[in-house]
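Single-structure report; data block below.
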Amino acid sequence: MQRIVVLTGAGISQESGLQTFRGEDGLWNHERISDICTPEGFARDPLRVDRFYNGLRAGLAHVHPNAAHKALARLEECSSAGTWDGELLIVTQNIDDLHERAGSRNIIHMHGELMRVRCTSCGATPPWHADCLPQTPCPTCHRPTLRPDVVWFGEIPYHMDRIERALHQCDLFVAIGTSGVVYPAAGFVQQASTHAETMEFNMEPSAGNALFDQTILGPATKTVPLWVRDLLNG
């Protein structure tokens, strides 16, 4: 049985029309990271932060999973059906829900989820589709202490123990649409390369490109479905 860990980054969602945080027209060119994406920024001006993430959340209604998302979902479906002898775990740096909407279920959102909020009082992380404001009560404890369930700069990514185990056990590590500059995700290829094959799918080589055994350049919507087809055909 082949065990594959796929790391996805902003590049895969950009092909669905989502604006990235980095890049020439990235969101960080319009907002200061310290204001929007740090615990300190939220403490200073929670309304500004809430409005920013409310806008991102509303924007998801206008984008849809693309062929790369759907190809990964098909691979997982074939694993569940027994028509492919393998296991697939998606570890995503993205906070959108495009993998889920494509049909994938075995997903780790290491940087949190835009479609959830987190209560800083009781720890609840309910699904969330509406706007959230500083006065919005938690549906569990009813205190107005909700924040985006997103990992900000200075915070520890989610589920790192599970990710570390999966990287140690995988036969193939694949990075799709990642910049290779955001840690700890940028270090995953080094961990996997001690025992597994490694592949990168990107529009251009990432910062860690030299660490991969194989690089496939081009739009993920073209290259990833072809790779999945080849896997399923043996």
Side-chain angles (χ1 to χ4, degrees), residues 2-29 33 37 56 60 63-76 86 88-102 104 106-112 114 151 153 157 163 166-167 170-232:
Q2 188 175 29
R3 293 179 174 87
I4 301 176
V5 173
V6 171
L7 172 69
T8 61
I12 193 172
S13 294
Q14 186 178 23
E15 291 191 50
S16 285
L18 274 184
Q19 190 175 7
T20 64
F21 287 90
R22 301 173 186 275
E24 291 184 6
D25 193 37
L27 292 168
W28 296 147
N29 292 330
I33 291 175
C37 203
L56 294 185
L60 283 183
V63 297
H64 304 282
N66 61 48
H69 295 108
K70 293 175 182 178
L72 294 174
R74 181 175 176 230
L75 189 59
E76 182 182 321
L88 174 67
L89 173 65
I90 296 173
V91 179
T92 186
Q93 298 171 275
N94 300 331
I95 59 175
D96 61 63
D97 62 347
L98 295 180
H99 282 301
E100 286 87 350
R101 286 160 58 190
S104 294
N106 197 20
I107 309 165
I108 295 176
H109 280 270
M110 64 179 294
H111 292 160
L114 188 55
V151 176
F153 287 91
I163 294 170
L167 290 171
C170 73
D171 307 302
L172 174 62
F173 172 75
V174 180
I176 302 173
T178 63
S179 63
V181 298
V182 179
Y183 283 84
F188 290 171
V189 62
Q190 290 176 296
Q191 295 174 255
S193 64
T194 61
H195 57 277
E197 295 183 26
T198 56
M199 297 177 65
E200 176 180 48
F201 292 83
N202 232 333
M203 287 298 293
E204 56 187 34
S206 70
N209 171 257
L211 300 171
F212 288 90
D213 296 320
Q214 184 179 1
T215 297
I216 298 177
L217 299 180
T221 49
K222 303 292 185 184
T223 59
V224 173
L226 290 175
W227 169 65
V228 169
R229 184 197 65 185
D230 290 343
L231 275 177
L232 295 178

In Å and rounded to the nearest 0.5 Å, what is the [atom1] to [atom2] distance from [X] to [Y]?
X	Y	atom1	atom2	result
Ile4	Leu88	CD1	CG	6.0 Å
Thr223	Leu217	OG1	CG	9.0 Å
Leu98	Leu114	CG	CG	10.5 Å
Leu72	Ile90	CG	CD1	4.5 Å
Ile107	Leu89	CD1	CG	9.0 Å
Asn202	Ile12	CG	CD1	10.5 Å

With [X], which residues qualify under side chain to side chain donor-acceptor pair (under 3.5 Å), at least two apart?
X	answer
Thr221	Glu15
Thr8	Thr92, His99
Ser16	Asn66

For [X], all residues meeting side chain to side chain contact (heavy atoms under 4.5 Å, CB included), sequence neighbours excluded:
X	value
Ala186	Tyr183
Pro184	Met110, Pro157, Met160, Phe188
Pro225	Ala67, Ala71

For residues [X] and [Y], report the shortest heavy-atom separation together with the two atoms involved.
X	Y	result
Glu100	Asp96	OE1-O, 4.2 Å
Gly17	Val63	C-CG1, 4.1 Å
Gly112	Val151	N-CG2, 4.1 Å
Ser13	His69	OG-NE2, 3.9 Å
Gln93	Ala185	NE2-CB, 3.4 Å
Ala102	Ala73	O-CB, 3.4 Å

Tell me, do Leu18 and Leu60 make a side-chain contact under 4.5 Å, heavy atoms counted? yes

Using modelled atom types and a 3.5 Å cut-off, is there a donor and acceptor pairing between side-chain atoms of [X] and backbone atoms of [Y]?
X	Y	answer
Ser193	Gln190	yes
His111	Ile95	no
Asp171	Ala196	no

Sorted by first residue and then second, give each ring pair (Phe, Tyr, Trp, His ring centres under 6.0 Å) pair with at least one member in residues 192-223; sequence neighbours left out. His168-His195, Phe201-Trp227

Hey, is CD on Glu197 packed in by over 12 heavy atoms from elsewhere, all under 6.0 Å?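 Result for CD/Glu197: open.
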
Would you find more than 12 non-hydrogen atoms of other residues, nucleotides or ligands less than 6.0 Å from Arg74 atom CZ?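 For Arg74, atom CZ is not crowded (no more than 12 foreign heavy atoms under 6.0 Å).
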
By salt bridge (Lys or Arg N to Asp or Glu O under 4.0 Å) - contacts of Arg229 (at least two apart):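 Checked Arg229 against salt bridge (Lys or Arg N to Asp or Glu O under 4.0 Å); zero matches.
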
Within residues 206-218 or reaching into it, pairs that qualify as side-chain hydrogen bond (donor to acceptor under 3.5 Å, both in side chains) - sequence neighbours excluded: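 For residues 206-218, and leaving out neighbouring residues, the side-chain hydrogen bond (donor to acceptor under 3.5 Å, both in side chains) pairs sorted by first residue read Thr198-Asp213, Glu200-Ser206, Glu200-Asn209, Asn209-Thr215.
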
